[in-house]
2 protein chains.
Amino acid sequence: MPVQAKKRPREQGVSKTRIQQINQARILDAAEEVFAHNGFRGAVLERIAERAGISKANLLYYFKSKKILYEAVLQHTVETWLVPLEALDAADEPAAAFERYIRIKIEHSRIHPLASKVWANELIHGAPHIGQYLKRRLKPLIDEKARIIEGWIKQGKMAPVDPYHLFFIIWAATQTYADFGNQAAIVKGKAQLTKQDFEDAADTVTTIILKGTGMI
Amino acid sequence: MPVQAKKRPREQGVSKTRIQQINQARILDAAEEVFAHNGFRGAVLERIAERAGISKANLLYYFKSKKILYEAVLQHTVETWLVPLEALDAADEPAAAFERYIRIKIEHSRIHPLASKVWANELIHGAPHIGQYLKRRLKPLIDEKARIIEGWIKQGKMAPVDPYHLFFIIWAATQTYADFGNQAAIVKGKAQLTKQDFEDAADTVTTIILKGTGMI
DNA sequence: CGCATTTTTGACCAAAAGGTCAAAAATTGG
DNA sequence: CCAATTTTTGACCTTTTGGTCAAAAATGCG
């Protein structure tokens, strides 16, 4: 009989068992939470398995190593991170386009703070696991969107602003409500930010960015 | 002879030996770097000691535990973080005050990115070591500064903006160049941000904030 | 039902890492 | 120069934790 890779859930992109679907999704969810709260080194597989309701050995059956699991979480995170950005369209009016983008990002911070934290953590530590991917995927996308902004500027639809720095500021201002939501809550004297806080945040950020760049 | 605490560098705030001064400073520097790059759990004492040019046992002689060392680094970080904020004065013109604040914060991001990263890391993970301190020290300070901003708004010197969110946005936009400088560099297609990048950042952030809040 | 495949897990292992300790080395003060 | 104090460190201990493995349990299928 041929020496073949047996065991281990399907290596190739072949269809997944129902059990695999459920368990992998559960593990990914649990991992996101534990990685978000403790970082890569701080995350403990035993704890992730516990959260997912399975044994550590079983977890390792689905994801061969901690690193592989972490990268799976990151991958998922990045993809959802990029979605709203791709929607920026040259045919839009800049004010409407950016308002939408900002509101979606802040809503994302509210709904998925853990994903944002995992992402932030990876970046703070120098993007050791995903730097290459960013170069190949994020950079070209931003370059493309920067050109759209330059087009808007040329058409006099907004003030001349460095498109790259504009993105950095928007990312920072919107994600801060997920990554550093704790600090914001402390400063506001509450245990957690409320939905109202996020709405106020969206209003404030939107106004400052639109007015600050002459879109309105 | 009385049972006394001997050994261990002076417990009380008593004067420090020259050797203590040098070694503690070296350790703190090394620790800042290692904690910034690896987070609390990820940081390895052996590595910090190595960077400081001493043995691990000697490091433990100066700081009794990893936690105590980490908190010492955090303490130092927070204090420098608060300094520029305290300078915000009601007697200033808002435009000048905020421009100065923003430029100082971005310069700080450029010069001390490691301190910013340690800080960011602590906040992302929920400020487990320094949350209480923030409640007692940061919150009152921000409350005070928020009142100054409200005064400026009442005097018609700037548009009505939620002062808290304004701070969150400024912190985010300025610190992003330290915490996520890697991402910014990747997007800009370079290995590291240059001094020019930071100057452009300061200009862009300043313009957007001042125009966005009607200060200019 | 009975055999093959997939899933699950308890028992282990080895490496990493925080922390202790006693003794040596260096420094200081008289 | 000598004794007391401070500083430094190698050796060691213990706990934690990522990962392995063989065997059992569950599932799927003809």
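Naming convention: chains lettered A, B, ... in sequence-line order (proteins, then strands); numbering from 1 in each chain. What's counted below: heavy atoms across the whole structure, side chains too, no hydrogens, waters or symmetry copies. Please read all numbers here as calculations on a predicted model, not as lab measurements.
- Between the NZ atom of K66(B) and the P atom of dT15(D) there is a distance of 18 Å, rounded to whole Å.
- In this structure, CG of N38(A) is placed 16 Å from C1' of dG18(D), rounded to the nearest angstrom.
- The side chain of L60(A) lies closest to dT20(D) when the candidates are dT9(C), dT20(D), dC21(C).
- Centroid-to-centroid, the aromatic rings of F40(A) and H125(A) stay 6.0 Å apart or farther.
- Taking 4.0 angstrom as the limit, N58(A) places none of its side-chain polar atoms (N or O) nearer than this to OP1 or OP2 of dT6(C).
- Residue A43(B) is in sugar-phosphate contact alone, with no base atom involved, counting any heavy-atom pair closer than 4.0 Å across all strands shown.
- Side-chain atoms of K145(B) come within 3.5 Å of backbone atoms of L88(B) as a donor-acceptor pair (strictly under, hydrogens ignored).
- The side chain of A57(B) approaches dC21(C) more closely than any other nucleotide in the set dC21(C), dT9(C), dG18(D).
- Phosphate proximity of dT6(D) to Q20(B): absent, as no side-chain N or O sits under 4.0 Å from OP1 or OP2.
- L59(B) places its CG atom 13 Å from the P atom of dT20(C), with the value rounded to the nearest Å.
- The residue among K67(B) and I19(B) whose nearest nucleotide of DNA chain C is located toward the 5' end is K67(B).
- To the nearest angstrom, P of dT8(D) lies 13 Å from CZ of F63(B).
- Interface remark: the K56(B) side chain does form a donor-acceptor pair with the dG18(C) base, using a distance-only criterion of under 3.5 Å.
- For the pair I27(B) CD1 and dT9(D) P, the computed distance is 11 Å after rounding to whole Å.
- Per the geometry, CD belonging to E46(A) stands 14 Å off C1' belonging to dT15(D), to the nearest Å.
- Neither side chain, D203(B) nor H165(A), offers a donor N or O lying under 3.5 Å from an acceptor on the other.
- Rounded to whole Å, the distance from OH on Y62(A) to C1' on dG19(D) is 18 Å.
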Steps toward salt bridge (charged side-chain N to carboxylate O under 4.0 Å, His left out) verdict (E144(B), R147(B)):
CA-CA 5 Å; E144(B) 175 199 330; R147(B) 259 175 271 130; over 6 Å; no
Would D143(B) and K139(B) satisfy salt bridge (charged side-chain N to carboxylate O under 4.0 Å, His left out), going step by step from the backbone distance to the final call?
CA-CA 6 Å; D143(B) 286 341; K139(B) 183 178 177 337; 2.7 Å; yes
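- The phosphate of dT17(D) has OP1 or OP2 within less than 4.0 Å of a side-chain N or O from R41(B).
- For the pair E50(A) CD and dG18(D) C1', the computed distance is 16 Å after rounding to whole Å.
- OP1 or OP2 of dT7(C) has at least one side-chain nitrogen or oxygen of Y61(A) nearer than 4.0 Å.
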